[in-house]
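Side chains included, hydrogens not; waters and symmetry mates left out as well; all remaining heavy atoms used.
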Amino acid sequence: IMGEYSFSTMDGREEGEKDEIVAQVRGARLERAVLITICVLGIFFNTLTLLKRRVTRPQGASATRVSLSLLRVMAGADTVCLTVMLLTLIMGQLGWRSNRLLGMIACKLNIFIVHTTSAISLYCWLVLSLVRYAAVFSPFKHLQLDRQPFRAVLLLAFVIGAAECWLLVVIEYDERSGACVNGQEDDNVERRIQIAEILLTYFLPLAAIVICDVKVLRFSD
């Protein structure tokens, strides 16, 4: 009786472990499907924005053309970011994770491009908010805008790309887990760099965007 009970207990544990593994696999597949769907939809709508901008070719004031150009840069940066993420998700099903060299290249390029393009898009949004702010509070200067905002975005893109190059050095590929990991040995240095990056590429421009847009909305009311 005790032997039958022990066997039944072991069978129950094995079934429970199998059910847990199946649930994890289903969850991972669902998560991947959701991410792929988001990437595809994002690429689709950003592409529509780019195509619409090229077809319409507005002949309005220079400030209007600048705003539309900034919007196009934002859509382009978001499209590149989402495309890289989508390719990484798709390539993960093609067996690149079993190749250390391909895994290393994919990890470095994926994380570098995603971080860089997302930061460029956010700072481009900030420049666009500053243009709107100038249109409300300094309309004369706003009418004089020509290529200055676009040049500012180019300069920011260069600075951001140079600042994110550290990712190409520290990011490594863990073949056992098939994941991208940070190879920095000093955890304190890594944490400080990550905090500084989050503050400079996300919270700082986002806070400035919110302040500018809130002031514009209050003035409009």
Full working for side-chain contact (heavy atoms from CB on, under 4.5 Å) between Ile36 and Val40: CA-CA 6 Å; Ile36 290 176; Val40 171; 4.2 Å; yes
Kindly state each residue pair satisfying side chain to side chain donor-acceptor pair (under 3.5 Å) with at least one member in residues 103-114, sequence neighbours excluded. Thr88-Asn110
Listed by chain and number, what are the side chain to side chain contact (heavy atoms under 4.5 Å, CB included) partners of Thr116, not counting sequence neighbours? Phe112, Ile120, Ile160, Glu164
Those residues that, when tested against Leu101, pass side chain to side chain contact (heavy atoms under 4.5 Å, CB included) (two or more places apart): Asn99, Ile105
Tell me who clusters with Val214, hydrophobic residues only, linked when side chains sit under 4.5 Å apart either directly or through other members. Val210
Val114 to Ser118 - nearest heavy-atom pair and separation: O-OG, 2.7 Å
Working to the nearest 0.5 angstrom, can you tell me the gap between Asp213 CG and Leu128 CG? 8.5 Å
Verdict with supporting geometry, Val127 and Phe150, side-chain contact (heavy atoms from CB on, under 4.5 Å): CA-CA 9 Å; Val127 174; Phe150 190 73; over 6 Å; no
Begin from the C-alpha positions of Leu122 and Leu126 and carry the test side-chain contact (heavy atoms from CB on, under 4.5 Å) through to its verdict. CA-CA 6 Å; Leu122 195 55; Leu126 172 59; over 6 Å; no
Do Leu206 and Met74 share a hydrophobic cluster (ILVMFWY, side-chain heavy atoms under 4.5 Å, transitive)? yes
For Arg147, the salt bridge (Lys or Arg N to Asp or Glu O under 4.0 Å) test, sequence neighbours excluded, returns none
Got a sec, which residues hit ring pair (Phe, Tyr, Trp, His ring centres under 6.0 Å) with Phe158, two or more places apart in sequence or on another chain? none
For side-chain contact (heavy atoms from CB on, under 4.5 Å), just list the numbers for His115 and Thr201, CA-CA rounded to whole Å, side-chain angles, deciding distance to a tenth of an Å, and then say yes or no. CA-CA 9 Å; His115 281 234; Thr201 62; over 6 Å; no
Donor-acceptor contact present, side-chain Thr79 to main-chain Ala75, <3.5 Å: yes
